[in-house]
Amino acid sequence: GTVGDELDVRSITVKSGIHYNDKGEETRYIEETTGDTGYRYLRRSAIGHDGYGRVTGYVDFSIDNGLDAVTTRLGTDYNFLDQTTSYRETSVSSGGPLTEVRRLDTQYNILGQTEYYAEKQISDEREDLRTDTTRVFMDYNYLGQNKRYEEGSVEYDISSTTGEAQWDLT
């Protein structure tokens, strides 16, 4: 069968400045992507690993077509197939609010593609608001590209809660 028409979008990514710890695990690197859709610079550092060599967290500094952002990921958990199931991520972009996202659950199909996830988000732009998002019914084409999903979001007033109570599943 044919793959389809070649799109006229091209890019080149160069990964450099790669550093490793004494176990041979990456601890930092730089990626630069140049192409028809613009320029992206990414400096990933403070890459942490668990006892199995899986990445548990990192700090990213990125510039994407002139907009800069800092993202920190911590507490990445995995299932028995080494697929990411949950994590905690904070990010801030130039002029934007500080946002925290907690991915609470991710499930995969037999091909290793994401089938379901649930996450919660709060932001210092609206400290009294938490948004819960669930994505389900994810469908993929023969190339493994996502072609359909359903996503639902619910907003909660958390003005009367503090700390971990803001993240309760109820």
Side-chain angles (χ1 to χ4, degrees), residues 1-79 81-103 105-119 121 123 125 131 133 135-151 153:
T2 64
V3 172
D5 295 333
E6 182 177 315
L7 300 177
D8 229 7
V9 178
R10 305 211 187 298
S11 67
I12 295 174
T13 299
V14 176
K15 187 173 180 177
S16 63
I18 306 168
H19 291 256
Y20 298 89
N21 63 18
D22 58 353
K23 295 178 182 176
E25 301 161 335
E26 288 184 353
T27 58
R28 68 177 189 243
Y29 61 84
I30 294 171
E31 262 185 17
E32 293 181 88
T33 302
T34 306
D36 296 339
T37 58
Y39 172 78
R40 182 169 195 262
Y41 171 89
L42 170 73
R43 182 180 68 227
R44 180 164 287 177
S45 61
I47 303 172
H49 300 83
D50 65 14
Y52 299 102
R54 302 174 299 197
V55 174
T56 57
Y58 52 80
V59 176
D60 282 350
F61 171 76
S62 62
I63 301 172
D64 198 346
N65 291 320
L67 298 174
D68 63 290
V70 176
T71 302
T72 302
R73 180 179 283 196
L74 300 168
T76 305
D77 288 325
Y78 296 86
N79 64 18
L81 295 173
D82 290 337
Q83 298 164 321
T84 302
T85 57
S86 62
Y87 57 82
R88 178 179 173 182
E89 195 169 86
T90 58
S91 61
V92 64
S93 57
S94 50
L98 176 66
T99 302
E100 181 173 338
V101 174
R102 291 192 186 182
R103 175 71 59 95
D105 184 25
T106 307
Q107 297 173 11
Y108 299 87
N109 64 22
I110 192 112
L111 300 175
Q113 300 160 325
T114 303
E115 193 169 74
Y116 162 89
Y117 72 76
E119 64 185 24
Q121 175 178 318
S123 166
E125 185 175 57
T131 304
T133 303
R135 186 175 286 186
V136 296
F137 304 120
M138 299 176 81
D139 192 18
Y140 297 85
N141 65 18
Y142 67 95
L143 295 174
Q145 300 163 323
N146 187 262
K147 65 178 190 175
R148 181 186 180 285
Y149 61 83
E150 293 180 21
E151 184 173 280
S153 294

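Basis for what follows: all heavy atoms, side chains included, without hydrogens, waters or symmetry-related copies. By convention here, the first residue in the shown sequence is residue 1.
- Geometrically, Arg73 engages Tyr87 in a cation-pi contact defined by less than 6.0 Å to the ring centre and at most 45° from the axis.
- With hydrogens and angles left out, the side-chain atoms of Thr33 and Thr13 include a donor and acceptor closer than 3.5 Å.
- Put simply, CZ on Phe137 and CD on Glu151 are 13.5 Å apart, with the number rounded to the nearest 0.5 Å.
- Within a 6.0 Å sphere centred on CD1 of Ile12, other residues, nucleotides and ligands contribute 12 heavy atoms or fewer.
- With hydrogens and angles ignored, the 3.5 Å screen pairs a side-chain donor or acceptor of Asp50 with a backbone N or O of Gly53.
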Could you walk me through whether Tyr58 and Glu89 satisfy the side-chain contact (heavy atoms from CB on, under 4.5 Å) test, starting with their C-alpha distance in whole Å, then the side-chain angles of each, then the deciding distance to 0.1 Å, before giving a yes or no? CA-CA 10 Å; Tyr58 52 80; Glu89 195 169 86; 4.0 Å; yes

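- Checking Asn21 against Thr27 by side-chain atom types alone, no donor-acceptor pair falls below 3.5 Å.
- In terms of modelled atom types and a separation under 3.5 Å, the side chain of Asp139 and the main chain of Arg148 share no donor-acceptor contact.
- With hydrogens and angles left out, the side-chain atoms of Asp68 and Ser94 include a donor and acceptor closer than 3.5 Å.
- Considering every non-hydrogen atom in both Tyr116 and Asp105, the closest pair reads CE2-OD2, 3.4 Å.
- When all heavy atoms of Glu26 and Tyr20 are compared, the pair lying nearest together is CG-CE2, 3.5 Å.
- Tyr149 and Arg135 are linked by a side-chain donor-acceptor pair at a separation below 3.5 angstrom, with hydrogens and angles left out of the test.
- The side-chain heavy atoms of Leu74 and Thr72, taken from C-beta on, include a pair separated by under 4.5 Å.
- A donor-acceptor pair is defined here as one N or O able to donate and one able to accept, closer than 3.5 Å; no such pair exists between the side chain of Asp60 and the backbone of Ser91.
- Tyr117 has its side chain out of reach of Val136: every pair of non-hydrogen atoms, C-beta onward, lies at least 4.5 Å apart.
- The CZ atom of Arg44 sits 15.5 Å away from the NE2 atom of His19 when rounded to the nearest 0.5 Å.
- Annotation: Glu125, atom CD; neighbour count of heavy atoms from other residues, nucleotides and ligands within 6.0 Å does not exceed 12.
- Ser11 contributes no side-chain N or O that, together with a main-chain N or O of Gly35, makes up a donor-acceptor pair within less than 3.5 Å.
- Side chain of Tyr78 to backbone of Val55: a donor-acceptor contact under 3.5 angstrom is found.
- Across every non-hydrogen atom of Val59 and Ala46, the tightest pair is CG2-CB, 4.2 Å.
- One finds the CD atom of Gln83 at 13.5 Å from the CG atom of Asp77 (value rounded to the nearest 0.5 Å).
- In this structure, Ser93 contributes its side chain and Ala69 its backbone to no donor-acceptor pair below 3.5 Å.
- Side chains of Asn79 and Tyr108 form a contact here, defined as non-hydrogen atoms less than 4.5 Å apart.
- For Asn65 against Gly38, the heavy-atom pair with the smallest separation is OD1-CA, 3.0 Å.
- Using a distance-only test at 3.5 Å, with no hydrogens or angles considered, no donor-acceptor pair links the side chain of Ser45 to the main chain of Arg28.
- Separation of atoms CG (Leu42) and OH (Tyr29) is listed at 6.0 Å; rounding is to 0.5 Å.
- Using modelled atom types, one finds no donor on one side chain facing an acceptor on the other under 3.5 Å when comparing Tyr41 with Glu31.
- Separation of atoms CD (Glu115) and OG1 (Thr106) is listed at 11.5 Å; rounding is to 0.5 Å.
- At a threshold of 4.0 Å, the pair Asp64-Arg40 counts as salt-bridged, since one of the basic side-chain nitrogens sits closer than that to a carboxylate oxygen.
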